[in-house]
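All residue numbers refer to positions in the sequence shown, counting from 1.
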Amino acid sequence: MKHTFLFKRFRLWLQSLALVCLMGWWMSACTPRDEEITADAGALLRLEADTVLFDTVFTEVGSVTRRLKVYNPNKNAVRISEIKVGGLATSPYQIFVNGRPGPQLQDVELRGEDSLLVLVQATINPNAQEQPFLVNDSLLFLTNGNQQKVKLVAYGQNATYYRHNYNTAPAEVWSAAKAHVIYDSVTVPAGQTLTIQKGSQIHLHRNAKIKVLGTLKVEGEPQKRVVFQQVRLEEQYRNAPGQWRGLEFHPSSQGNEINFAELKNAVTGLYLKAEGNQVPQVTLRNSFLKNMLEIGVLSHGGEVRLENSIITNCAEYAVAGLGGGRYDIIFSTLANYANDFVRFGPSFTFQEKYEVEGKLIREGSYVVNVVNSILWGRQEEELQFGNMGSGSSRTIRNSFLKTQAYKTEFDKNANQLNVDPQFRDAPKFDFQIIKLSPANAAGTPVPGITVDYENKPRDAQKPDAGALEVDYQ
């Protein structure tokens with residue numbers, strides 16, 4: 001009896017053991033293949049790129065994070081033994097893998113035919129160099145004894161920084177040796193002059209501006225233009241409007257000259273504000289304004305002179321003179337192809353009154369003088385003039401105009417109305433006129449202006465209309 005009892009218990013134990021083994025085998029057999037980790041040395045990763053490249057990174061500003069996708073093209077899962085930055089803790093690069101921070105991670109499992117995201121961040125430390133420099137490292141992946149590598153490359157640049165509403169010193173000069181990075185705003189006090197030398201790069205943070213109560217002198221040259229733009233230089237920011245405020249010229253500001261400059265990606269490129277008899281003056285020569293969230297040049301009673309200059313891609317106006325002022329537009333191409341915006345109004349407006357919500361802010365006469373220029377855009381009507389008092393006047397000659405409302409007034413003085421000037425590629429902001437353009441030889445000589453936007457000689461007898469002479473080479 002006792003032996004029978006023991007035998008039954010033994011048999012039950014064997015059955016249980018068999019059931020456990022069977023379940024273990026079944027669970028093992030049912031493991032999805034994409035979760036089975038292979039040790040095959042041929043199971044390589046597929047990397048999205050062989051290089052993670054950062055555009056210019058200012059040494060105090062840091063950088064946006066770059067993304068790198070890593071794929072497992074194999075049916076089976078793999079265990080990545082190690083993911084690391086070559087320089088480890090001494091490297092300027094930091095990584096995050098599925099939310100886990102580096103610079104070194106181990107035993108990262110990646111299912112079959114799946115991917116993981118690696119975030120790479122660069123922080124460049126200052127050094128003594130003035131010119132841009134390269135910072136290199138590598139991102140290494142070790143899988144089943146195989147090492148794969150992605151290059152990490154950043155262009156670093158030291159800069160001079162301006163914080164806490166910086167006021168310039170008397171006769172301050174900015175050179176091109178280092179970039180100039182403005183955090184809040186820079187003010188040029190009344191009676192003082194800020195000179196910005198050829199080739200200088202000016203970078204402004206969001207809502208930053210240069211406020212001129214005194215005088216601004218920008219001394220660019222054809223091959224060494226002065227550039228005013230945003231701080232972020234990555235591709236997605238390169239042509240994005242509205243990343244800084246612009247250049248402001250207050251009533252006491254006199255004798256401002258901006259030569260061979262490029263202003264881009266601001267809210268309003270140039271803003272002039274007159275008060276009473278105090279009228280700011282700005283001359284813009286051989287310069288390019290583009291990608292403005294609001295207006296290219298906005299003047300409330302100021303004096304503006306444009307020579308050999310180009311304005312394009314403004315959400316509202318290319319030039320707006322509100323509350324009077326003087327506007328001389330000579331040999332300029334104001335072609336407001338607003339690629340980034342839906343624009344319904346005209347590009348050019350001049351009014352004696354400046355009103356806000358029905359309240360009169362400023363009123364004064366305006367004088368508009370346009371010679372050898374192209375005022376163009378995608379709208380059927382690109383001009384708008386307010387009522388003229390006895391002190392106001394408008395004269396346009398040898399120019400190309402897009403207008404229906406003012407055909408009778410301006411269909412004279414060698415103007416051409418609603419005639420396509422035939423730019424080489426206007427949607428891409430290439431405003432070079434082609435050889436067969438009706439703007440070729442359509443201008444008239446203007447004393448003192450003998451070159452075009454690119455510093456090419458103008459025809460002494462029959463110059464072209466617009467900022468650019470035809471290139472016959």
Side-chain angles (χ1 to χ4, degrees), residues 162 166-176 180 182 185-200 202 204 209-222 224-228 245-263 266 268-289 295-309 311 319-332 362 364-371 446-451 453 455:
Y162 305 89
Y166 174 84
N167 287 341
T168 62
E172 185 163 328
V173 177
W174 291 3
S175 77
H180 301 266
I182 300 173
S185 67
V186 165
T187 298
V188 182
Q192 299 184 10
T193 299
L194 171 62
T195 301
I196 302 179
Q197 295 181 335
K198 61 184 180 182
S200 296
I202 317 301
L204 298 98
K209 60 187 176 183
I210 296 179
K211 186 166 61 174
V212 185
L213 283 66
T215 302
L216 177 65
K217 299 285 188 181
V218 176
E219 299 178 340
E221 292 183 356
K224 294 183 178 180
R225 292 180 181 269
V226 174
V227 179
F228 298 84
R245 294 302 303 175
L247 307 183
E248 292 186 359
F249 300 89
H250 287 245
S252 58
S253 181
Q254 299 290 306
N256 300 285
E257 295 187 5
I258 301 174
N259 297 294
F260 291 99
E262 181 176 347
L263 288 86
T268 292
L270 306 181
Y271 169 54
L272 292 77
K273 180 182 179 182
E275 285 185 1
N277 294 324
Q278 284 192 304
V279 177
Q281 304 167 334
V282 178
T283 297
L284 189 76
R285 296 189 181 95
N286 300 79
S287 295
F288 202 139
L289 276 68
I295 303 172
V297 176
L298 171 61
S299 170
H300 293 152
E303 293 186 4
V304 178
R305 182 177 177 87
L306 306 180
E307 295 180 9
N308 286 331
S309 291
I311 301 178
V319 178
L322 308 176
R326 181 177 181 89
Y327 306 90
D328 294 297
I329 302 172
I330 317 296
F331 278 121
S332 290
R362 180 178 174 83
S365 60
Y366 65 77
V367 175
V368 177
N369 178 38
V370 181
V371 182
V446 175
I449 302 180
T450 58
V451 297
Y453 167 82
N455 211 40

Check your understanding: Listed by chain and number, what are the side-chain contact (heavy atoms from CB on, under 4.5 Å) partners of S332, not counting sequence neighbours?
Key -> L306, S309, I329, L334, S373
Point to revise | Residue pairs involving residues 189-200 (criterion salt bridge (charged side-chain N to carboxylate O under 4.0 Å, His left out); sequence neighbours excluded) | key: K198-E221
Check your understanding: For N286, which residues count as a side-chain contact (heavy atoms from CB on, under 4.5 Å) partner, sequence neighbours excluded?
Key -> F260, N308
Revision key, fill the gap. Looking only at heavy atoms, the pair that brings L322 and Y327 closest together is N-OH, 4.1 Å
Revision key, fill the gap. Here the gap from K224 atom NZ to E219 atom CD, rounded to the nearest 0.5 Å, amounts to 13.0 Å
Review point. What closest approach, in Å, do N167 and P189 show between heavy atoms, and which atom pair accounts for it?
Key: CB-CG, 4.4 Å
Practice item. Identify the two heavy atoms, one from S287 and one from R285, that lie closest to each other, and give their separation to 0.1 Å. Key: OG-O, 2.8 Å
Point to revise | Contacts of V446 that satisfy side-chain contact (heavy atoms from CB on, under 4.5 Å) - sequence neighbours left out | key: I330, F331, V371, N372, I449
Review point. Taking only residues two or more places apart in sequence or in another chain, which ones pass side chain to side chain donor-acceptor pair (under 3.5 Å) with K273?
Key: none
Check your understanding: What residues, two or more places apart in sequence or in another chain, satisfy salt bridge (Lys or Arg N to Asp or Glu O under 4.0 Å) together with K211?
Key -> none
Point to revise | Spacing of R326 atom CZ and S299 atom OG [to the nearest 0.5 Å] | key: 12.5 Å
Revision key, fill the gap. Across all chains, not counting sequence neighbours, the side-chain contact (heavy atoms from CB on, under 4.5 Å) partners of S175 are A177, Q197
Practice item. Can you tell me which residue pairs pass the salt bridge (charged side-chain N to carboxylate O under 4.0 Å, His left out) test with a partner in residues 245-254, sequence neighbours excluded? Key: K209-E248
Check your understanding: Heavy atoms, side chains only, cut-off 4.5 Å: are I210 and L204 in contact?
Key -> yes
Point to revise | Shortest non-hydrogen contact from E275 toward P251 | key: CG-CG, 3.6 Å
Practice item. Go through the structure and list residues passing salt bridge (Lys or Arg N to Asp or Glu O under 4.0 Å) with R305, not counting sequence neighbours. Key: E307
Point to revise | Sub-4.5 Å side-chain heavy-atom contact between L216 and F249 | key: yes
Point to revise | For the student: nearest non-hydrogen atoms of G214 and S253, plus distance | key: O-OG, 2.8 Å
Exercise for review: Look at the side chain of N256 and the backbone N and O of Q281, then say whether any donor-acceptor pair between them is shorter than 3.5 Å.
Suggested key: yes
Review point. Heavy-atom distance under 4.5 Å between the side chains of L284 and L289, does that happen here?
Key: yes
Review point. Does the T215 side chain pair with the main chain of T193, one donor and one acceptor, at a distance under 3.5 Å?
Key: no
Revision key, fill the gap. Residue set satisfying side chain to side chain donor-acceptor pair (under 3.5 Å) with Y453, at least two apart, ordered chain then number -> none
Review point. Any donor-acceptor pair under 3.5 Å linking the side chain of T195 with the backbone of K217?
Key: no
Practice item. Sequence neighbours left out, what passes side chain to side chain donor-acceptor pair (under 3.5 Å) with N369? Give chain and number order. Key: D328
Review point. Applying the ring pair (Phe, Tyr, Trp, His ring centres under 6.0 Å) test to H180, which of F228, W174, Y166 qualifies?
Key: W174
Exercise for review: Taking all non-hydrogen atoms of both residues into account, name the closest pair between G302 and A274 and its distance.
Suggested key: N-CB, 4.3 Å
Review point. Quick one: side chain to side chain donor-acceptor pair (under 3.5 Å) partners of E262, sequence neighbours excluded?
Key: none
Check your understanding: V282 versus V297: any side-chain heavy-atom pair under 4.5 Å?
Key -> no
